[in-house]
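Each chain gets a letter, A, B and so on, in the order its sequence line appears, and its residues count up from 1. Computed from a prediction, not measured in an experiment: that's the story for all the values here.
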2 protein chains.
Amino acid sequence: MSRTAPTAALSLVHKIGKKAQQNDRIYEEMFTAILEQRLAPGTKLSEDTLGEIFGVSRTIVRTVLQRLAHERIVRIHPNRGAFVSEPTPDEAREVLQARRLIEEGVMRLAVARRTVTDVKNLRAMVGQEQESLDKGAHETWVRQSGDFHLKLAAIAGNQTLAAYIKELVSRTSLIIVQYQKGSSSSCSCDEHTDIIDAIEAQDEDKAVDLMLRHLQACEEQLNLKTEDAATDLYAVFSKISGK
Amino acid sequence: MSRTAPTAALSLVHKIGKKAQQNDRIYEEMFTAILEQRLAPGTKLSEDTLGEIFGVSRTIVRTVLQRLAHERIVRIHPNRGAFVSEPTPDEAREVLQARRLIEEGVMRLAVARRTVTDVKNLRAMVGQEQESLDKGAHETWVRQSGDFHLKLAAIAGNQTLAAYIKELVSRTSLIIVQYQKGSSSSCSCDEHTDIIDAIEAQDEDKAVDLMLRHLQACEEQLNLKTEDAATDLYAVFSKISGK
DNA sequence: TTAAAAAATATTGTACACAAAATAAATAAA
DNA sequence: TTTATTTATTTTGTGTACAATATTTTTTAA
């Protein structure tokens, strides 16, 4: 168990006052990696390996994994270990349904509370999204795209709802990796821009409508079949069996 | 989420294969204690003491505390320890706002999906609520009252939303302990009954309206002042200072 | 060669030890 | 007596050791 001492880590530790949140740093690192789809669903997250990578003991890694598990981004199988979540089709539908429900409410709050600064910031964010998309920086774009929804929650001014949306957005990222059909990653920058326009005009119903369509469009890009693997076997070989 | 058989915890452990979820048992125990208001907000949750009580090492206790902290029922102050959460007035308003938003959506789903069995079960639950209330079993009633809302989420068929409601309901319990004015614990059994009637009639709008009023009534029973402690000092002694 | 059983290896679960920090207690100074 | 400083005690944070469980490899039998 060689202890690699990440130089940046030490300086950060020294700066903040303590290693206070050594685990916060590692959490952030892993969360971002999953959100940006650099860690594929199903990937085994070995405690020893992660400890080696981040230069900490399994104790810390364990804490982080449990936190990610509570956010449903990681799944812990007892005595088997932690894995990046592989949401089922049912779970995917649930998450999208929850997002429609919560983000509609958040949108109504946001439209009522938005300041001119908020609108300006939102436009800046979409600008960066577009930039990443042009540059082909897919990973960055995915994260920024999610940040847009988080920002709306922040404007709405309810941290509890914001936390839920953060969770749902990251789970959506995993869902898209698993179920997006083709590479039909239609740029949603335009949709985001339209939404901002409605927010600026304080047209609540329109903003909500656009958001719901946005999420609906997202779900329609997915290939969520109902049948499970076992059933598939029969379906796949139905011609062969001659039934 | 809770699949533990309360009484036969030990035998279960042996049966399922191992102490598999030793920590699940402890989590359930602590969660219920907080929900039933047997652990007051602000109570220090010492790791050593809890380990002593439950007969496990601090490692396990720590895991449970972190889980409770993620659900916002417990607050962990770094290097200081874990305490039962003391929601601020702002937090209280947030939680109630989130509940109105999410439970409205859940209600619409539940009304559409409810079966006759669901309605029967709901009525049975309210019956037990009334029973506890008559018996003066306040602790039990508080839990059962929350279970009613959880059951609606179950009927709606979205586990993600159900998990959020579980969190919000337990946080509400803490909020009520802290901010309920007087002992104006008006029995909400009648309100629950009215809601069931609307669900049975599949009158979506009425069910939603009743639920929103129900939650509104809850919030109105609270004493949520805006000013913080520091400001209070001046307000309290304004007469004395003669200002 | 394939399949099953057994042994070896690796990984997770939990207790415990020690370090770091906070709290409480005791002492010293005003 | 009160306040400030120092010391002692308690409590949390993290690493490590060992036990329990899973996984892989090897051996054995068909």
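Comparing dT14(D), dA15(C), dA21(C) against the side chain of N79(B) picks out dA21(C) as the nearest. When distances are taken from the side chain of S57(A) to each of dT14(D), dA22(C), dG15(D), the shortest belongs to dG15(D).
Whole-Å rounding puts the I26(A) CD1 to dG15(D) C1' distance at 13 Å. Distance, Q22(B) CD to dA20(D) P: 14 Å, rounded to whole Å. Atom pair L50(A):CG and dT11(C):C1' shows a separation of 13 Å (rounding to whole Å applied). Rounding to whole angstrom units, CD of residue E47(B) and P of dT14(D) are separated by 11 Å. The separation between I76(B) atom CD1 and dT14(D) atom P is 12 Å, rounded to whole Å. The distance from atom NE2 of H77(B) to atom P of dT23(C) is 11 Å, rounded to the nearest whole Å. Atom CZ in R58(A) sits about 7 Å away from atom P in dT12(C), given to the nearest Å. In this structure, F54(A) places its CZ atom 18 Å from C1' of dG15(D), rounding to the nearest Å.
S57(B) contributes a side-chain N or O that, together with a main-chain N or O of T59(B), makes up a donor-acceptor pair within less than 3.5 Å. Of the possible donor and acceptor atoms, one in the side chain of E94(B) sits under 3.5 Å from a partner among the backbone N and O of Q159(A). Of the possible donor and acceptor atoms, one in the side chain of S170(A) sits under 3.5 Å from a partner among the backbone N and O of K166(A).
A parallel orientation is assigned to the rings of Y164(A) and Y164(B), their planes being inclined by less than 30° (bins at 30° and 60°).
Residues satisfying the salt bridge (charged side-chain N to carboxylate O under 4.0 Å, His left out) test with R75(B), not counting sequence neighbours, are none.
Under the Watson-Crick and G-U wobble criteria, each requiring two contacts below 3.5 Å, nucleotide dA30(C) is paired to dT1(D).
Residues from residues 39-46 of chain B placing a heavy atom under 4.0 Å of any atom in DNA chain D, listed by number, are K44(B), S46(B).
Enclosure of atom CD in Q66(A) by more than 12 non-hydrogen atoms of other residues, nucleotides or ligands within 6.0 angstrom is indicated.
Under 3.5 Å, the side chains of Q144(B) and E129(B) contain no donor-acceptor pair of N or O atoms.
Nearest-nucleotide mapping onto DNA chain D: of R80(A) and T59(A), the residue sitting toward the 5' end is T59(A).
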